[in-house]
Number of protein chains: 2
Amino acid sequence: MSPTHAPAGAARQGSLRELNLALVLGRIAAADRPPSRADLATATGLTRATVSAVVEDLLAGQLVSEADPAPRAGAGRPARGLVLADRGPAGLGLEVNVDYLTVCVVDLAGQVRHRTVHRADLRPVAPADALARLVDLAGEARADAARQGLTLAGAALAVPGLVDDAGLVRLAPNLGWRDVPVPELLSGHPSLTDEVPGVPALVVDNEANFAALGELHSRPPGLASFLHISGEVGIGAGIVLDGALFRGVRGWSGEIGHLPVHPQGRPCRCGGRGCLEQYAGQEAIVAAAGLLRAELPADIATARLAELAEAGDPDALRALHDAGTALGVAVASVVNLLDLDTVVLGGGYAPLAPWLCPPVLAEIAARVLTAAWSPVTVRPSTLGPEAAAVGAAESVVRRIVARPAGWLSRSG
Amino acid sequence: MSPTHAPAGAARQGSLRELNLALVLGRIAAADRPPSRADLATATGLTRATVSAVVEDLLAGQLVSEADPAPRAGAGRPARGLVLADRGPAGLGLEVNVDYLTVCVVDLAGQVRHRTVHRADLRPVAPADALARLVDLAGEARADAARQGLTLAGAALAVPGLVDDAGLVRLAPNLGWRDVPVPELLSGHPSLTDEVPGVPALVVDNEANFAALGELHSRPPGLASFLHISGEVGIGAGIVLDGALFRGVRGWSGEIGHLPVHPQGRPCRCGGRGCLEQYAGQEAIVAAAGLLRAELPADIATARLAELAEAGDPDALRALHDAGTALGVAVASVVNLLDLDTVVLGGGYAPLAPWLCPPVLAEIAARVLTAAWSPVTVRPSTLGPEAAAVGAAESVVRRIVARPAGWLSRSG
DNA sequence: GGTATTTGTTCAGCGATTGAATTATTTGCC
DNA sequence: GGCAAATAATTCAATCGCTGAACAAATACC
């Protein structure tokens, strides 16, 4: 999107420093090698004097630390390299899903510094109890983070459902949740993180959105635009535009599972007909392949399907091809609409990508007007099942990197 | 989208003033009544001293002028109201389409101050000649603008086709254009506008994109997000997110005409099957209604169709209902994906909206998961056929309002 | 006519950036 | 080893633009 809209608030004296803190820190985060102050000065256009002053603030606030510089040939005083600190603020990522709870801690550099996966069937568990268990795990994570010199600056919770801006889970069908007020249920518990100005204590969002952010993991923050599709029982998509998640007017974007791919086709639980979910959802694929899903947890069923396909089982191959074709129709719609150049298959789709990608690419080639000029990449996700939790944690640290002033004002 | 990404450039001393110029000017533009300096101070959070200084710059640069204030009850020195100037910079909007050329001038306040529509069949005309005619019309527009005290600060050209970032028209099928380098063809002619720092001399883009911007016409600049669908021979959509046009990675977003609504249906000229265009494009509707389109210009055919529908002609009504249903399937996809709350039917769809809206709404209600919680508005465009040209011109003035510093640095 | 009230301007103070000068530290050459 | 060149980082006076308070201007109300 072109940066044409007016700034949000008044630009006071201090705004200048805030902007330059963000600018310099962003450069440090985006650099592939530790930059020197001089590098930063030339890269940002600021003077070295200013960069030094800004870096001093960042060092004092434990956002960056000095490292051995990139070796350089030639004469001159050696530079001191700057890297994101490994003992400053960190983000807490949480996930509640059907089969597991996950908690993880991600530092400024995007490294996962703590991770817990607690496998359990959460469907029979009341939301309040599920959240209570999560709080316990989060407490351990916080203690572990503290041992590593990390301060949890904010938390984000991924949920497989629709979440409104206030953190109310309107509907998480596979979990059996409806109108669950997460912040309210957590208010009785001790706080998960430290309080940091400008960083919300807890953000709740759809797992597909956070999984998409996870895909930015260990990637320089920048202008990436892509579609990340989480293929579980339902199918959700996270849309990343210019490096930022697009959440829609009310935060309910990405419901790709209910794009009609056969408008007069099978009825869907959403009330519509022929939704993608009915043709490319996990249950549909597994049923089409002739597997009895009822007893299998989702990930086991997926693994089994991949085995069968690997072995050349014709039913499995046909099921995957048909699902991929349906998925391709939906993806072609998205690409025609948004002109994205990358599509990432995540969640349950990742292990099935070898069989899903070809039909998806075929549909794109056939249906996308501009495909001839500009190829669309379709690839599996780089993260595993913990993508959503990592992405959630990452969303916290990205916020700090984008606006370090809040953190610094806390730290004194 | 959350404003989480880092600022583009270094924040230098002058950036502060640039930001506040934009902030104050944006407030003046957004206000429904002429605000006083004191109003602006409380609204922006700046001090009155700063606002006065900023306003002085804006007055000197002919971006705002003083007007009679809004009458106020009570004691106190009367305020002086500030309005966008009606004799400062203006935008030049151009459109080449199949049946006409349009040129218009829009001032800062969004008023159309000049308009020329030159009807002609442009298909047999070579691109260079069509552009030459446009340059002539633009010259007259510029002279007329000068008489009104307006300075043309930039130009934008709307074309019914795919345009890349450099202004190369890759493909405009209905016009018969292919790989037309517009800026190059115009380079021999006298320049259309004055040169203003920060404002490109000419922006070329898809008519659907500009028509969507036109829908923001005379509306306060803000966070509107909507989908604007231009139903012509082809069907294009402009996506406005948070008040800004979304152009996609390469500027080719909005190809809603090629969303598959019947994946195994009629073959489309794009190579795919069952594209929306085959069911809701003008030719499809007119043919389904039993009209002989071949001889009729598009707008006449649309008017005839509206007459027939008004008279209760069953073929016309059925054709419109079927088209609306197909359109609704595509719109439901978009809403599921992007969570927009408003859909605008523009171009050839506007006069047909009374018959298209009901089936579109029905499909949305049936297929959009979140429709139950949050209604989606579907309404016809407020602008007529000149929406694209007005939107193009408006894009220029919006850029100036968003970044007044460039204009001011020119003006001295 | 006097007072209260609101608008808009003036001015000293201050924070942040700038640009030049200065200090620091290494390489390369004699 | 000593010295010049080169590059990195810091120091400091100057300047720009915002702030806050005092002040001037203009009107309504008593």
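Chain identifiers are assigned alphabetically (A, B, ...) following the order of the sequence lines, protein sequences preceding nucleic acid strands; residue numbering begins at 1 within each chain.
Here the nucleotide nearest the side chain of B:Arg17, chosen from C:dT18, D:dT10, D:dC18, is D:dC18.
In this structure, A:Ser36 reaches the D:dA9 phosphate: one of its side-chain N or O atoms is under 4.0 Å from OP1 or OP2. Regarding contacts with the backbone of C:dT17, a side-chain N or O of A:Asn20 is found under 4.0 angstrom from either OP1 or OP2.
Listed by chain and number, the residues in a side chain to side chain contact (heavy atoms under 4.5 Å, CB included) with B:Ala43 are B:Arg27 (sequence neighbours excluded). With sequence neighbours excluded, the residues satisfying salt bridge (Lys or Arg N to Asp or Glu O under 4.0 Å) with A:Asp57 are A:Arg17. For A:Arg37, the side chain to side chain contact (heavy atoms under 4.5 Å, CB included) partners at least two apart in sequence or on another chain are A:Val51, A:Ser52, A:Val55, A:Leu59, A:Glu66, A:Arg80, A:Leu82. Taking A:Asp341 as the reference, nothing meets the salt bridge (Lys or Arg N to Asp or Glu O under 4.0 Å) condition, with sequence neighbours excluded. Among residues two or more places apart in sequence or in another chain, the side chain to side chain contact (heavy atoms under 4.5 Å, CB included) test is passed with B:Arg12 by B:Ala10, B:Ser15. With sequence neighbours excluded, no residue forms a salt bridge (Lys or Arg N to Asp or Glu O under 4.0 Å) with B:Glu56. Judged as a salt bridge (Lys or Arg N to Asp or Glu O under 4.0 Å), and not counting sequence neighbours, the contacts of A:Asp164 are A:Arg170. Residues passing the side chain to side chain contact (heavy atoms under 4.5 Å, CB included) test with A:Ala38 are A:Ser36, A:Arg48, sequence neighbours excluded.
Atom C1' of nucleotide D:dA9 and atom CZ of A:Arg37 are separated by 7 Å, given to the nearest angstrom. The CG atom of A:Leu59 sits 14 Å away from the C1' atom of D:dT10 (whole-angstrom rounding). Distance, A:Asp39 CG to D:dA9 P: 8 Å, rounded to whole Å. Counting to the nearest Å, the P atom of C:dT17 and the CG atom of B:Leu16 are 10 Å from each other. Straight-line distance from the CZ atom of B:Arg12 to the P atom of C:dT17: 11 Å, rounded to whole Å. Here D:dA24 presents its P atom at 18 Å from CZ of B:Arg80, a figure rounded to the nearest Å.
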**Study point:** Sugar-phosphate or base contact per nucleotide [nucleotides 11-16 of chain D; S, B, -; heavy atom under 4.0 Å]
**Key:** B---BB
Side-chain donor-acceptor contacts of residues 190-199 of chain B below 3.5 Å, not counting sequence neighbours, with atom names and distances?
unit_1: B:Ser191; atom_1: OG; unit_2: B:Thr193; atom_2: O; d: 3.2
unit_1: B:Asp194; atom_1: OD1; unit_2: B:Arg142; atom_2: NH2; d: 2.5

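Among the heavy atoms of the strands, none lies under 4.0 Å from A:Ala53. When heavy atoms are screened at a 4.0 angstrom cut-off, A:Thr50 is found touching base atoms of the nucleic acid.
Looking at A:Asn20, its side chain never comes within 3.5 Å of a backbone N or O of A:Leu23 through a donor-acceptor pair.
Using a 4.5 Å cut-off on side-chain heavy atoms (C-beta onward), A:Leu58 and A:Val24 make contact.
Minimum heavy-atom separation, B:Gly243 to B:Leu216: O-CD1, 3.9 Å.
Inter-axis angle, ends of the helix from C:dG1-D:dC30 to C:dC30-D:dG1, five pairs per end, rounded to 10 degrees: 10°.
For A:Ala11 and A:Ala38, each mapped to the nucleotide of DNA chain D holding its nearest heavy atom, the one lying further toward the 5' end belongs to A:Ala38.
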Just the atom pairs and distances: protein N or O near nucleotides 25-27 of chain D's N or O, under 3.5 Å.
unit_1: D:dA26; atom_1: N3; unit_2: B:Arg77; atom_2: N; d: 3.3
unit_1: D:dT27; atom_1: O2; unit_2: B:Gly76; atom_2: N; d: 3.3

